[in-house]
J.: 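Here it is, the structure in full.
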Amino acid sequence: MRRPRSADPRWSDVTPKSLFLSRRAVIAGAGAMALAGPARAAWTVDEPPTALEAITSYNNFYEFGFGKDDPKRHAGAMTIDPWSIKIDGLVDRPGTYDLADVLKGQAIEERIYRFRCVEAWSMIVPWQGFELAGLLKRVGVQPGAKYVAFESLARPEEMPGVRKMNLDYPYVEGLRLDEAMHPLTLMATGLYGEPMPKQNGAPIRVIVPWKYGFKSIKSIVRIRLMDREPPTTWNQLQPQEYGFYANVNPQVDHPRWSQASERRIGEGMFAKRRETLMFNGYADEVAGLYSGMDLAKFY
Ligand SMILES: Nc1nc2c(c(=O)[nH]1)N[C@H]1C(S)=C(S)[C@@H](COP(=O)(O)O)O[C@H]1N2
Ligand SMILES: [Mo]
């Protein structure tokens, strides 16, 4: 079995999945319960997680190159300590916060989410993290704020894709404030019980499980509260193909391919495809955010 070149062996590499799952059950049933509250159905998935090996070796992180194996090959060079996040714009307490301060007081929970890339592959990931809402409340969102803008690290010395400027960096993304405050929206700091692998966006990234993967921006260095919709990397590059909302929607095809079904990574190219679910299966939780909106227009 291969394992990430840049990382030491992890207990999840050497622990059979059944043990991993029973450990999770223990976490859910015991101490973490008091911190995190009862597990909600939307916060777990009735399917086994995708293998760690697949989650960490088939990535999109264009700062390290366009190839799916480029992040695993090159992300080891990214320095993640020290790490700080600038939080500014329409907030009461703007500043540049050390990651440790950002994490302080946030209860880290496990969330097993479906994750669906716009390229029509998907995976099931046991993330660890805390709700973005908790962080935004702590810095104090001002009344005029309507959107949240995020920015990734762009460090040419450590990132071959940034050196080549294969996209316009830094990578930027954004959410409407109500999307950002939704309890499903996670600031993820790890997966499979280990600190976030670099190729998956160490040390901290957003996970928005009802949206296509490109909204889930990695290695975040800035969060800005704004009164208008912020520019986003993929929307700026190809506005007809990638909208600001990017909600998973099997009824609205990408101009160049269908979004009706998906391939689960780690299962091989020939495994049966799965039907893609509206809002990636999170419709009960999030459909209300978009009531009255034409989702073919606001794609
Ligand atoms: N900074 C940054 N964030 C990013 C990307 C990227 O290229 N750069 N790719 C996005 C895309 S297209 C996807 S599908 C997911 C992939 O996350 P994963 O590698 O953890 O599966 O990250 C998203 N976040
Ligand atoms: Mo993606």
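Atoms within each ligand, like the ligands themselves, are counted from 1 in listed order.
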J.: With heavy atoms only and a cut-off of under 4.0 Å, state how Tyr212 meets ligand 1: side chain, backbone, both or neither.
T.: neither

J.: In the protein, which heavy atom is nearest to atom 9 (N) of ligand 1, and how far is it?
T.: Asn60 O, 3.2 Å

J.: Is a salt bridge present between Asp88 and Arg224, judged by a nitrogen-to-oxygen distance below 4.0 Å?
T.: yes

J.: Is the shortest N/O to N/O distance between Trp127 and ligand 1 below 3.5 Å?
T.: no

J.: Has ligand 1 got any nitrogen or oxygen that is less than 3.5 angstrom from a nitrogen or oxygen of Asn200?
T.: yes

J.: Which one holds for Arg205 and ligand 1: side chain close, backbone close, both close, or neither close, with close meaning a heavy atom under 4.0 Å?
T.: side chain

J.: Considering heavy atoms of the protein only, find what lies nearest to atom 14 (S) of ligand 1 and give residue, atom and distance to 0.1 Å.
T.: Cys117 SG, 3.4 Å

J.: Is the closest N or O pair between Tyr58 and ligand 1 shorter than 3.5 Å?
T.: no

J.: Which residue and non-hydrogen atom of the protein lie closest to atom 15 (C) of ligand 1, and at what distance in Å?
T.: Gly213 O, 3.6 Å

J.: What do you reckon, does Glu63 have a nitrogen or oxygen under 3.5 Å from a nitrogen or oxygen of ligand 1?
T.: yes

J.: Going by the closest heavy atom to atom 2 (C) of ligand 1, which one wins out of Tyr171, Tyr62, Phe66, Tyr169?
T.: Tyr171

J.: Identify the closest protein heavy atom to atom 3 (N) of ligand 1: which residue and atom is it, and at what distance?
T.: Lys218 N, 3.2 Å

J.: For Phe61, take its heavy atoms, then give the atoms of ligand 1 lying under 4.0 Å from any of them.
T.: 1 (N), 6 (C), 7 (O), 8 (N)

J.: Inspect the contact between Glu158 and Lys198 and indicate whether a charged nitrogen and a carboxylate oxygen are less than 4.0 angstrom apart.
T.: no

J.: Answer yes or no: is there a side-chain heavy-atom contact under 4.5 Å between Val148 and Leu225?
T.: yes

J.: Would you please test Leu132 and Phe150 for side chain to side chain contact (heavy atoms under 4.5 Å, CB included) and show each step?
T.: CA-CA 12 Å; Leu132 174 58; Phe150 305 92; 3.7 Å; yes

J.: So, are Glu63 and Lys218 salt-bridged, with charged N and O less than 4.0 Å apart?
T.: no

J.: Are the side chains of Thr233 and Tyr169 in touch, meaning some heavy atoms are under 4.5 Å apart?
T.: no

J.: What atoms in ligand 1 come closer than 4.0 Å to a heavy atom of Met123?
T.: 21 (O)

J.: With the threshold set at under 4.0 angstrom, would you say Trp234 reaches ligand 1 through any of its heavy atoms?
T.: no

J.: Measure the distance from atom 24 (N) of ligand 1 to every protein heavy atom, then report the residue, atom name and distance (to 0.1 Å) of the closest one.
T.: Ser216 O, 2.9 Å

J.: Kindly assign one of parallel, tilted or perpendicular to the pair His254 and Trp257, based on the angle between their ring planes and the thresholds 30° and 60°.
T.: parallel

J.: Check whether any side-chain heavy atom of Phe64 sits under 4.5 Å from a side-chain heavy atom of Lys72, and report yes or no.
T.: no

J.: Do NZ/NE/NH1/NH2 and the carboxylate oxygens of Glu179 and Lys211 come within less than 4.0 Å?
T.: yes

J.: Using the six-membered ring wherever Trp is involved, compare the ring planes of Tyr290 and Phe279 and label them parallel, tilted or perpendicular (cut-offs 30° and 60°).
T.: parallel

